[in-house]
Each structure stands twice: as structure tokens, then as C-alpha cells.
Amino acid sequence: MTGRKHLLGLEELTAKDIESILDTARSFKEVLERPIPKVPTLRGKTVANLFFEPSTRTRISFELAEKRLSADTVSFSASGSSVSKGESLKDTARNIEAMQIDMIVIRHQASGAPHFLARSLNCSVINAGDGMHEHPTQGLLDIFTIREYKKRVEGLRVVIVGDIAHSRVARSNIWGLSKLGAKVVVCGPWTLMPLEVERLGVEVTSSIEDALKGADVVNVLRIQLERQEGSLFPTLREYARCFGITRERLSVAKDDVLVMHPGPMNRGVEIAQDVADGPFSVILEQVSNGVAVRMAVLYLLSGLEAGDKLE
Amino acid sequence: MSEDGKLLLRSGRVIDPSSGLDARMDVLISGDKIELLAERIEVNAGMRVLELEGKLVVPGLVDMHVHLREPGREDEETIGSGGAAAARGGFTSIACMANTQPPIDTSGMVRYVLETAARTSPVKVFSVAAATVGLGGERMAEIMDLRDAGAVAVSDDGNFVGNSEVARRVMEYTRMAGLPFISHCEDPYLGKGGVMNEGYWSTTLGLKGIPAASEAAAVAREIVLAELTLARVHIAHVSTRAAVDLIRQAKKRGLSVTAEATPHHLVLSDKAVSGYDTSTKMNPPLRSEEDREAVVEGLRDGTIDVIASDHAPHCEEEKDVEFDEAAFGVIGLETTVGVVMTFLVSKGLLSLSQAIAALTLAPASVLGIKAGKMASGLTADITVIDPQLEWTVDPRSFASRSRNTPFKGWTLVGKAIVTVVDGKIVRQA
């Protein structure tokens, strides 16, 4: 991460960058396990959280990460703001930056919105999810969780199941995992598979059985219910029957398979109840790790020297 | 201008694809006409002489596809500013599309455009009128009336006439009126809501894609209807390999189908979108490299007749936003010659004569206007190009009111330096 000002996606990071974030996150995870889980590292820095799209866990996770690092934070949501009065994204962000902000965390429904801000502003920009493009901190926390359990990423068979076309989580996972040497398999109905996805270096299949065979990790994506109305799949019932992750289906995966989900889950649709709460599930662990990973990202982008760490 | 109104273009390389002329010659202009083309013309007293050694002297360029935004969006462009941009780009005739506010769908609107142009534009402006009322795609416009008011073609441009029955009737009417029907081919359902080409780059960037098939499906329908109605159909801004193939087959079968390509589709692919630069957002979108190559090949082999800029001015506020939100379209009047010379002619993909034909004779012939040729007795619409002139695209210096070009900062070689309309120099660099 040396020399980087923004985190816009995992596509532009090197394997070394990713590993450096994950290593830093491990240190921060230890901080979070202390009786007083807080360090003064970002004291005096101000972070603005701009959430133009509804979000619960990502937003709280970022806010917590900022507070655990002693940063000052301000938060913003699009409803009831100047945006609802017709102000442009650029003007909104520039006004906020003019209040001496060091970093902006942005969640936006338009792919590329963080890139647009990074070009328009002087402060650091962290992508907290942009349209169908990337959700880099989710990708990082997924990889962090995998690495914690499996002790490695290289050579693992990681299956991403569901709506690949519209998923920013899938893209960040694909870039991050591939760079660290995992074998990534994407699986879903062809209507939810983006064109030429195989050029991202993944194996593509619409057979859930083939995909799960020998899988080390299954990352189950949320099915957005409105896709059904756009006739991208016929019914939720049929989707669950063809692609839902059940215990029975998991029997062809490795014995120690990890089941992940970025949330929020549609239980009984993309993931069966007993899988979501079952022994293979690390879904809540992912959420916990999210705070440490976001602390690492904030810290590494703040421009602080290594010696300033964690005191 | 001298007393007797004579202008001598001396020692340029004169290229006129209509007659196959390509020679070092003098051109004498008298009043608004070309008086003489000859190897050597004596200079008389009072004659204004331009020494053009090493320069290209060609028929005035014709851009058959521009958007002038007047009336309705004069902040983006006016007939006057668009005309000035055309003059700077070397165009002596341009045809403007009907999607103004209100649209050009009545004879009164056609007359408004032509009269405003006569007052404010340094170059000739021809009006393309709407095919359907309000560009709505449901009720045919008064096509005979539009023609009588001066329209040279009909088109709903940005709006594909999705109702095939209406499209058929429009074509029958344009045939009767003797006008070409210009079609922006895009299936209204495939790729709805898309903002770029569907493919590897849309997958990577997470942007909603418009598949190449949306163009091909629409082109196929137009060809089928052209065969049914015997209308003259012109396919606007071809961007895909599949469309080029369909047009090639249609031409082989003798149908009256012509086509155009834009400089940006000939030079850029969808890879240019990475980084979310909104000056690469256009409709049809920049396609894959394979598509781009097929469009160039189509131009080389004559499947595509015309190079047109699809000059689509947008103000900064409409482009300096998130990619999803940005307006579609780029300007092109002032960069077309440079882009064509630099990336097609200099690279040997098109001969100079082919390139000039695609910018003169071919569009004039599609529109049926008196332009695109150079011979004694014809109107003196002439463009002089310096093929060696190296320049950097700086949109701030443009005459257009808009700045939305994907070629900003590019170095191009070749530029129009003199534009003559009706015997008068309207622009000299």
C-alpha cells in the first residue's frame, strides 16, 4: 500500500499491497481484542462517510473502525441532504472536503463514483461499494477471513455463487483472490453472468454441483429480489431449487469447507437456514473481521509512518 | 477579396474523388463558382492568391450527421456556433439532426433552421427532419411537407423507430418523397439502461452494457424493410462487426442501403472507458477492438460509405458527473479531419482519395445535395488541408460551445486550414 492515496478497487492493487493490508489488519484485530479496543493512531484526522445508498453493516463497520482509531468522523446519507435538493455529487463532496476532511469513505450506486471523486478532490477516497463495480473492503475482509481459517489463499478453490453480473462483492473477490493465487469459480444462471467474465481468469459454470466439487470456500451472494421482476430469473422458488446452497449440496465440497455470505441474507433462497447457522458458516466472523480490515485500510492510507502504528 | 472577386488557389494537390482527379493544380474561383482548374493559371492583377504548395485542395467537406441543439439548448450549441465549428473543421456543408427542443418535425421548424442558418452560419446547413411526430415513433410526420420546406432526409436519430409498422410506412413515404431515411439502429429493449458496450470492459467496470446485438438486430430489420419498401435507407454510426456484415450482404443483394461511421468508432474501443472518463460515453457505445477493426474494414471495402462526426455537444455540467449520469455523445466537427488523417490515412488503412470521398462525395450523394465535387462551373465550396500540420487537441480553443471530446490532449497530424464557401473564405487558420 506504500504510496497509495486511495482505495478504489482491488483490481489496481498488487498481491503485495493486499498482503500488507491483511497483515496490518491482523495487528488491528489484536487491538480489538484488548479490554479497551481503541488506539490514538488517527487522532486529529477527520473522516467523512458519504453513503448515497442504504447500508447498515458497511457503514457501521467503517464508523467503528474510524472511532477505534480515534479519528473524528462525520456521516452523511443522501436522503434529507443537499443531494435530495439536486446538488451534484462533485459539489457535495467538494463542500465537505472544504471543511478540512482528510479522508472520504463513499458508497454510491454509480460504478466509478469513487474514481470520479478521486479525480475531483485532494483528500483520500475509500470505495465502500460502487454500483456493480467493486466493494474492495468486503473483498479484503473475505480474503482475511479465508486466510485466518485456511492459513493460505494460494491453491484454494473458492466458489462464488449467485448474481455475478450485478455483484461488486464478486468482482472484488475475483481480483483479490486471483492475485493471491486462489482458483476462483463463478456459478449462477447465465442471465446473471456478465459477458466475458472468464477473461477475469475465473472458471465459469452454471452447474452448482460441478462448482462445489472439492470447494474449499463457498461465497454465497445475495439475490436481489427485484431481479426477478426484470425477468433475470423466473421465480425465487426455482432459483433456490437450482442454486440455493443446502447441506446436501455441500456434501461434495471439502470436509472443512467455509461458507461465506456478504449479507444481508435471504434465508431459504440463496442459502438454507441450517447452512447459514451451521458449522461451516463464518458469516458473523466476516462481520467482525470487517472492522479490523477497515482500520488497516484507513491507517495505511492516512500517510502515517510505520513507527506511528498502534500506540 | 479583389475587385473582380477572383481567388486563386495555387499549386495545391487537388483531389476530387468524383472525377478521379489527383494532381498538382491551380484552382481559380470567380464569384461563387469555380472558374477553372488547370495545371497553371496566370495570375492577373487584383487576383487574391493563396500559395498552397504541399497542401491538399479538396471539395468542401460534408458532415451529414451533426446536432446543433438550436432551438432549445443554445447553451450547448447554436446553429451559428455549430456552423463556426464546422468551418474550423473544414466542413462547408452540414446536416443537422431533428432532436432539438422542440424537434424539427414540422415544415415551420425546417424553415426556422434554414433561415437561422442563412443568417448565422458561415457554412451551409441542411435540415434532417423527424420521421415521426415529436420523435415519438408512433405517428408519421408530414414527410412530403418537410421535404417541400427543404428537409434533405428524415430521421428520428437517437430514437430508433421501434414500431416496425410505423418504420415501414415512414420508409414508403420517404421513397415517395425521394428522401433517404436515416436510422439510428438500436433495439429498444436489448441493452436498455446500458451506458457502454457489453463485454469484458463493462464486466470489469461494473457498468451496464449495451450488447452489439442491439445494433445488429435493428440493422437487420431496416434491411428487411428496405427490401420490402424499396426505400433508401442510411444506417447511422455503424459500430459493430455484425452490422457491417449485414450491410455488406444487403449491398451485394443490390438494396439501396448506405452507411456511415464516426471517427471515434473508427479509432477508439471500449477499453477507452476504463477510468470512467465520461467523454468516452456515447451512443452507440465504443465497441470491442474486434468491432472497431470490422468498422474500419467496412470503410476500406466500401460497405460503409460515409464518415460523419455525429457531433453531439453537451455542456460541462452534463459530463462532469458520475458515468451512469453523464449524457451520451461527443463533439467531432473540429477533430474529424485530424483523426481521419492521423489514424486512417497515415496508417495506410484508407487512401487519401477514399478518405476524401467518405467526407465529400458519399455524404453529398446520400443526401442528394449539390456538394462534394470540384469542377469548373460548380459552386466553389472548397477545403484546404495541411496534411503535415501537427497540432494538439485543445477543446478550449474550439468554436463549438461544448468541450466534450475524447481526443482532448491528443496530437494529430493534418488539419483543415482554409474553408471556402460559395467562393468566400469563411475560415483561414
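The figures that follow rest on heavy atoms only: side chains count, while hydrogens, waters and symmetry mates do not. Chain A is the first sequence line, chain B the second, and so forth, proteins listed ahead of strands; every chain is numbered from 1.
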- Query: What residue in A165(A), S111(A), P194(A) has the most heavy-atom pairs under 4.5 Å with chain B?
  - Reply: S111(A)
- Which bit of T278(B) is near chain A, if near means a heavy-atom gap under 4.5 Å: side chain, backbone, both or neither? neither
- With sequence neighbours excluded, what pairs up with H166(A) under the ring pair (Phe, Tyr, Trp, His ring centres under 6.0 Å) test? none
- Donor on one side chain, acceptor on other, E260(B) and H237(B), under 3.5 Å: no
- Which answer fits R171(A), side chain, backbone, both or neither, if we ask what part of it has an atom under 4.5 Å from a heavy atom of chain B? side chain
- So, the part of Q109(A) with a heavy atom under 4.5 Å from chain B: the answer is backbone
- Query: Salt bridge or not for K90(A) and D320(B), using N-O below 4.0 Å?
  - Reply: yes
- Does T405(B) have any side chain to side chain donor-acceptor pair (under 3.5 Å) partners at least two apart in sequence or in another chain, and if so, which? none
- Donor-acceptor side-chain pairing of S288(B) and D291(B) below 3.5 angstrom: yes
- Query: How long is the span from the NE2 atom in H264(B) to the OG atom in S269(B), to the nearest 0.5 Å?
  - Reply: 13.0 Å
- Determine the interplanar angle of the F343(B) and W410(B) rings, folded into 0 to 90°, and report it as parallel if under 30°, tilted if 30 to 60°, perpendicular if over 60°. perpendicular
- Message: Please output the residues of residues 113-135 of chain A in contact with chain B, using a heavy-atom cutoff of under 4.5 Å, in numerical order.
- Response: A113(A), H115(A), F116(A), R119(A), D130(A), M132(A), H133(A)
- Output all residues satisfying side chain to side chain donor-acceptor pair (under 3.5 Å) with R401(B), sequence neighbours left out; order by chain, then residue number. none
